[in-house]
Each structure stands twice: as structure tokens, then as C-alpha cells.
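A short write-up of the structure that comes next.
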There are 2 protein chains.
Amino acid sequence: MKPKRPAGIQQAGAQPVTLRDVAQAAGVHTATASRALNPKARQLVNAETVRRVVRAAETLGYQPNPIARSLKTSKSATVGLVLPDLTNPLFPPIVRGIENVLEAAGYSALIVNTDNDPDRERALIESLRSRQVEGLIVATARLEHPLLRQLQEQDVKIVLINRRIENLQMPFVVGDDATGIALAVKHLVDLGHTRIAHIAGPQITSTGLDRSRAFRHAVRDYGAAEDPALIVECAHWSEGDGAGAMRELLDRGSGCTAVVAGNDLIALGCYDVFAERGISCPEDISVVGFNDMPFLDKLRPPLTTLGVPHHELGAEAARMLLDCIEEPQRHPRSLLLPVSLVVRDSTAPPRT
Amino acid sequence: MKPKRPAGIQQAGAQPVTLRDVAQAAGVHTATASRALNPKARQLVNAETVRRVVRAAETLGYQPNPIARSLKTSKSATVGLVLPDLTNPLFPPIVRGIENVLEAAGYSALIVNTDNDPDRERALIESLRSRQVEGLIVATARLEHPLLRQLQEQDVKIVLINRRIENLQMPFVVGDDATGIALAVKHLVDLGHTRIAHIAGPQITSTGLDRSRAFRHAVRDYGAAEDPALIVECAHWSEGDGAGAMRELLDRGSGCTAVVAGNDLIALGCYDVFAERGISCPEDISVVGFNDMPFLDKLRPPLTTLGVPHHELGAEAARMLLDCIEEPQRHPRSLLLPVSLVVRDSTAPPRT
DNA sequence: TTGTACGCGTTATCAG
DNA sequence: CTGATAACGCGTACAA
């Protein structure tokens with residue numbers, strides 16, 4: 001008595017149709033209906049029955065309840081995406097690459113922004129885990145990262161993107177930083193520069209460290225000046241820090257005619273200082289960025305930089321994570337994606 | 001026999017600790033533990049018992065399983081966020097504003113990108129709903145939007161952001177487009193311009209329509225030329241469409257000395273055409289954008305535009321949606337957030 | 001104030 | 001091949 005689902009009411013404020021409704025309509029047991037609808041178990045059931053069930057499901061507009069399914073299977077079809085800050089123009093294309101792949105596999109991403117705050121990071125990852133994410137794509141890795149080590153020990157599936165961790169077997173997808181920097185330095189040397197400076201990103205990130213190492217190698221290989229006074233480090237990948245470093249380079253009289261910036265944001269900081277001090281680019285100083293974030297071609301002057309396939313970076317990371325989830329035993333792979341030099345107007349021969 | 005949870009194993013590959021574990025450790029029934037941990041029901045249980053349970057929960061590191069809770073309460077603590085495209089620089093700050101508010105309330109956002117494709121939009125919203133989102137924040141609204149109307153009839157909670165729907169009571173949070181455009185036109189008139197053009201965004205969006213209406217009013221109010229040849233419409237909010245419109249304005253000999261662009265992207269398209277044709281800005285033509293997206297100050301020339309409080313837009317929309325969820329009966333409010341003119345170097349007096 | 005019993009919607013494991 | 005039954009972890013009437 002008191003039927004939960006009044007007959008004849010199917011539309012509007014309708015209660016969602018459940019597997020039981022479908023089973024009932026098809027005249028089978030819920031278990032059978034479940035099997036008939038589940039591709040992986042469909043083979044266990046009579047083809048004719050499958051047809052009946054599928055038709056019933058269609059006419060009723062049945063939508064499986066993923067929450068109930070998750071509870072039973074303890075799979076959430078969800079992964080966590082841990083970013084420093086979504087408003088950094090680097091990340092939106094990565095996110096779209098990730099979601100493209102995830103979407104096709106029926107997965108969704110939960111995005112969190114750590115603002116580079118370790119406490120916040122810990123709390124956010126905690127909350128992600130409590131939401132039963134099946135894995136993590138992490139873009140906040142530092143070379144030393146106890147939290148991530150610890151998660152790995154707890155068998156949390158993790159793929160690193162854009163940054164590696166030192167001395168730890170954890171799959172990652174990054175751009176080929178070393179080759180990129182070499183390309184930049186060669187470009188400047190070919191233009192005739194000999195005193196080339198480097199404004200390095202934070203050396204606690206692999207991206208920062210790899211790029212500055214590559215810079216040192218490249219100036220040696222291509223015969224430019226190897227002068228420690230030509231290298232400054234930033235504490236953050238930001239415009240402000242880039243500006244600070246550029247000022248220092250100028251103030252210490254480094255005599256550089258070109259700058260390889262750790263990334264585009266840092267290069268923008270250089271632009272700010274040029275404006276401050278009436279330095280013209282590229283006539284006085286050439287600049288190369290890294291990442292080719294959007295709208296760089298509209299700057300004054302358009303910025304020469306290194307193009308990184310961000311969308312693909314994201315897509316590959318997502319694929320890799322799905323692999324880890326499906327085949328937990330598989331040996332962790334990593335990927336180095338090629339970068340390319342994008343020459344614009346911020347680089348030119350030095351003043352003679 | 002065969003205890004599911006081998007005693008003594010608590011760390012590493014540990015099974016997640018459940019409410020039962022907590023109850024057991026505290027020597028109470030799960031129901032009591034549940035109540036003790038639930039702020040809304042805590043009052044029903046002895047203060048001392050609460051303490052015991054809470055302590056047990058803490059020492060065991062108990063994390064409620066949100067999936068099980070969702071199944072029971074049919075609340076997912078999740079909302080859907082429907083965007084055209086996350087890589088449009090307009091959206092990341094909005095997203096962060098939304099997530100800030102959501103996070104504090106224990107909610108998460110599931111983000112989807114429609115790429116302005118209605119079929120894709122329908123499918124994505126479907127998938128969002130099947131994931132039991134409790135509401136939607138939608139940034140893809142068009143003035144006519146049957147899908148959204150239909151969802152509203154099904155009592156789906158929706159808050160519109162950045163765009164309205166015509167003739168439909170649906171809460172929205174938008175910038176004050178009309179005032180913004182008036183500010184821009186006044187600024188140009190004050191500078192001495194009389195032939196001011198408008199490159200309008202798509203008129204199927206409220207943002208496009210409201211801005212072009214406001215433009216017509218403003219030129220009248222401030223005494224600038226009211227010439228239909230000074231208005232061109234774009235099919236999309238894109239750089240390419242902006243460029244096309246600018247070319248048309250030039251080719252039809254409109255004689256404009258200033259352009260009010262529908263948004264920053266369209267203004268960027270104008271810049272492209274200026275470069276193509278050797279027109280200098282602001283000397284030959286002044287340009288005003290809309291939105292103040294990041295890095296506009298680095299353009300050649302830095303773009304005068306209208307600052308919209310994107311972060312707040314997002315935050316308010318999220319708050320509004322949470323209100324709708326908590327008090328379904330509440331009358332739908334809407335919000336118009338103030339915008340401000342950001343004067344940079346792309347506007348100057350006309351050539352005399 | 002606390003315990004009992006049940007159900008949310010689904011899938012897995014049994015029998016039959 | 002299909003049906004019955006139990007269980008995932010939690011919240012909540014209801015009874016004690």
C-alpha cells in the first residue's frame with residue numbers, strides 16, 4: 001500500500017527511473033536487468049532478454065545512478081586535478097586536454113587550486129580522496145615533495161604533469177625543457193649574442209632546475225659567456241619575481257644583451273622593467289620566454305618563446321592515469337613531449 | 001570467521017575507516033556515532049558520548065564516505081559548471097570565484113566546456129545530471145535557450161552567469177553592461193570623438209544585445225553620430241570575428257575615429273587589422289575593449305577597457321546557487337555587478 | 001538519550 | 001541463463 005511511485009505520473013517532477021523500474025517493465029529481475037545493461041556482463045544473458053531490457057530502459061529513459069554504482073564498486077569515475085592556480089594561462093589548455101580524454105572514458109575531473117600553499121594542498125588532496133577520486137593528476141610537484149611520496153606509498157595513483165619529482169618512480173608528462181632552452185640559446189647565439197642572461201624559475205621545481213641546467217650546458221656548447229653573474233633565480237614563476245630579477249641583472253651591470261626567461265610570465269616581468277627604465281626590446285635587450293601562452297603575439301613587442309603542446313600534455317597525462325587505474329600492475333611510463341621555438345620580434349641581433 | 005578487517009593492520013594499504021569502526025571504538029552504535037558526528041543531530045546525543053565518538057573518529061582518522069551519504073540523502077554536494085570554453089581568459093577568474101565559495105560550503109564543481117555546440121551542451125548537461133549535481137551554473141546562455149527553459153521546468157536549480165535569458169525568471173549574475181558601455185562612450189566623447197563605431201558581439205546573447213543597445217543610447221545621450229554604418233555585428237566573441245568586422249568598418253568608409261568593441265577579444269581583432277593595414281592606434285583610431293582580461297596592459301598599445309569583477313561574479317553566482325539549493329522556495333534574485341573604466345593607451349583624442 | 005531496523009540503487013555471488 | 005539475496009556506508013524513522 002502507499003505505492004512509492006504513483007502510476008501514470010511519468011513526466012515533469014518525475015522521480016528518476018531506477019533499475020527496478022526497468023526490470024519490472026521488462027518482466028525480469030533487477031539482477032538480470034543490471035547484467036543486460038552492463039556491457040561487461042551482457043554476454044551472460046540471453047540475447048532476446050537483453051533486447052527487452054534495453055528497450056524498456058530506453059522507453060523509460062533510464063539513467064543509471066552513478067552514486068549507487070560507486071558505492072557498490074568503490075569506483076567513482078572521477079579523478080582529481082591538482083593545480084597551483086587555474087588563472088595561470090598555462091593551465092586552461094592542459095585542463096581541456098585532460099577533460100577531452102576523461103570525457104571519452106566516462107570520467108570527470110575535480111579541479112583544485114593550491115596557490116602553492118602546502119597546507120592547502122594537503123587539505124585539498126584529502127578532500128579529493130574523501131570524494132573517492134580514483135587517481136590524481138598533479139601539476140604542483142616540487143623536487144622534494146614528501147606529501148606525494150607518502151601518497152604513492154598508499155598506492156594512490158598519480159601522474160605528474162609539467163613537473164617531475166627527483167629520485168622517485170612516478171609517471172610524468174613534461175615538455176622537453178632541455179631541448180627548448182638549447183633551441184633558445186642557439187637562436188640567440190646565431191643572432192650574434194655572446195652575453196646571454198638567464199632568469200631561472202624556482203629551483204625547487206624540476207622545470208626551474210632542468211631549464212637552468214640546460215642553460216648552463218647550452219651556453220658552453222654554443223660558446224656564449226659562462227658567467228655566474230648572468231644567472232638570477234626567481235622564487236616564483238611570476239611577473240613580479242621576473243621583474244625583480246631583471247632589475248638585479250641590470251643593477252649588477254651584467255652587461256647582457258639577451259635574456260632567456262624561465263617562462264613567459266617572467267619574460268613579462270622583464271617587459272615591465274624595460275618600460276620602467278626606458279630600455280627598448282629587442283634593440284637593447286632581446287628576450288625569450290617559455291610556454292607560448294595565449295596572446296603573446298599581441299605584446300609589445302611580440303614575444304619569442306618556446307611552444308609547448310599543452311593540450312597534448314594534458315591528454316597524455318589523462319591517458320596515462322587511466323592506464324594506471326585499469327592496469328595497476330603496469331610499469332610506470334613517462335613522456336617527454338617536443339617543444340618548438342616560436343620566433344617573434346623580441347629577439348634581434350645585439351647593438352653593434 | 002574470516003574477519004573482513006584484520007586486526008592490527010591500520011596503516012599503509014589500509015581499508016578506509018568507516019562509521020562502524022568509529023562506533024565500535026567508541027563503544028556505541030553506528031546510529032549514535034552518526035548523530036554525534038552530524039552537527040545537525042548532535043544535540044540529540046549526550047555531550048559526553050559526543051566527545052568519545054569525536055575522539056575516536058579523530059584518532060582513527062575517520063573520513064565520512066560522501067558517496068554513501070549521497071546515496072542516502074540524494075545530495076551530491078556537487079554542482080555543474082557549464083562554460084563555452086575554459087581557455088577563454090574570461091573564465092578562469094570566474095571559476096576560482098565559484099570554487100572559493102563552493103569549497104567553503106563543502107561543495108565541488110564539475111566543469112564542462114560546450115564549445116558553443118548545442119548538441120554537446122545537451123549531452124554534457126545530461127551527464128552532469130546523471131552525476132546527480134544539485135544545481136547548475138551556466139555561462140552559455142543565449143537569449144533563446146529552449147534547453148534551459150526545459151530544465152527549469154524540471155525544477156533543476158540554475159544560476160546564469162555573465163548572460164541572461166529573455167522573458168524568463170531565472171536568477172543571474174552579470175556585469176553592468178549598459179553602464180560600462182556608457183562609460184566608454186562618454187570617455188571617447190570627452191576625448192573629442194564624434195564618429196564612434198561599435199563592433200557588437202553576437203546579438204543572440206544578452207551580453208551582445210545589451211551592450212549594443214546601450215551603445216545606441218549612449219551615442220544619442222552624449223551627442224555622437226547616430227549612423228547605422230557605424231555598427232557591425234560579430235557572429236562570435238572571437239578575435240577572428242572582430243578582425244572581420246573591423247575590416248568591414250574600414251572598407252565601407254565609415255570614417256570612424258574610435259571603436260567600442262563588444263569585448264577584449266574583439267578589440268584584439270581590431271589590433272590585428274591595424275597591423276595589417278598600417279593603421280596606428282590610438283593616433284588614427286582609438287579602441288575600447290570590455291572585460292579587462294589579464295595582460296591587456298602589456299599589449300601594443302595597452303588596451304583601454306572595462307573592468308568586470310570576475311572573481312566576485314563567480315562567487316556571487318555560487319552563493320546564489322547554494323541559496324537556491326538550501327531554500328528552494330526563495331524568490332529568485334539577480335545581481336548586477338558594477339564595472340569600471342580602465343583607461344590605458346589605446347584611447348586618445350582624434351587627429352585634428 | 002540510545003539502539004533497532006530499514007532503505008537509498010546498484011552489483012556480486014550464490015543457487016537453481 | 002536467471003532469480004534470490006546480500007552488501008556497499010550512511011542516515012533516519014521508530015521503538016526502547
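Residue numbering restarts at 1 for every chain, and letters A, B, ... go by the order of the sequence lines. A quick note: this is a predicted structure, and the numbers were derived from the prediction, not measured.
- The side chain of B:S70 places no N or O atom within less than 4.0 Å of a non-bridging phosphate oxygen (OP1 or OP2) of D:dC10.
- Counting non-hydrogen atoms of neighbouring residues, nucleotides and ligands closer than 6.0 angstrom, the CD atom of A:Q24 reaches no more than 12 such neighbours.
- Between A:T49 and D:dT2, a side-chain N or O to OP1/OP2 separation shorter than 4.0 Å is present.
- At C:dT10, one or more side-chain N or O atoms of A:Y62 fall inside 4.0 Å of OP1 or OP2 (strictly under the cut-off).
- With hydrogens and angles left out, the side-chain atoms of A:R131 and A:T78 include no donor and acceptor closer than 3.5 Å.
- Note on A:S34: a side-chain N or O is less than 4.0 Å away from OP1 or OP2 of C:dT11.
- Taking CZ from B:R35 and OG1 from B:T49, the interatomic distance works out to 10.5 Å, rounded to the nearest 0.5 Å.
- Partner A:H145 forms a side-chain hydrogen bond (donor to acceptor under 3.5 Å, both in side chains) with one of A:R163, A:Q150, A:E121 and no other, that one being A:E121.
- Distances from the side chain of B:N46 to the nucleotides C:dT2, D:dC8, C:dT11 place C:dT2 closest.
- Between B:L44 and A:P64, the residue whose closest nucleotide on DNA chain C is further toward the 5' end is B:L44.
- Of the candidates C:dT4, D:dC10, C:dC8, the closest approach to any side-chain atom of B:H29 belongs to C:dT4.
- Between the base of C:dA12 and the side chain of A:K72 there is no donor-acceptor pair shorter than 3.5 Å.
- A close approach under 4.0 Å does not occur between any side-chain nitrogen or oxygen of A:T18 and OP1 or OP2 of C:dG9.
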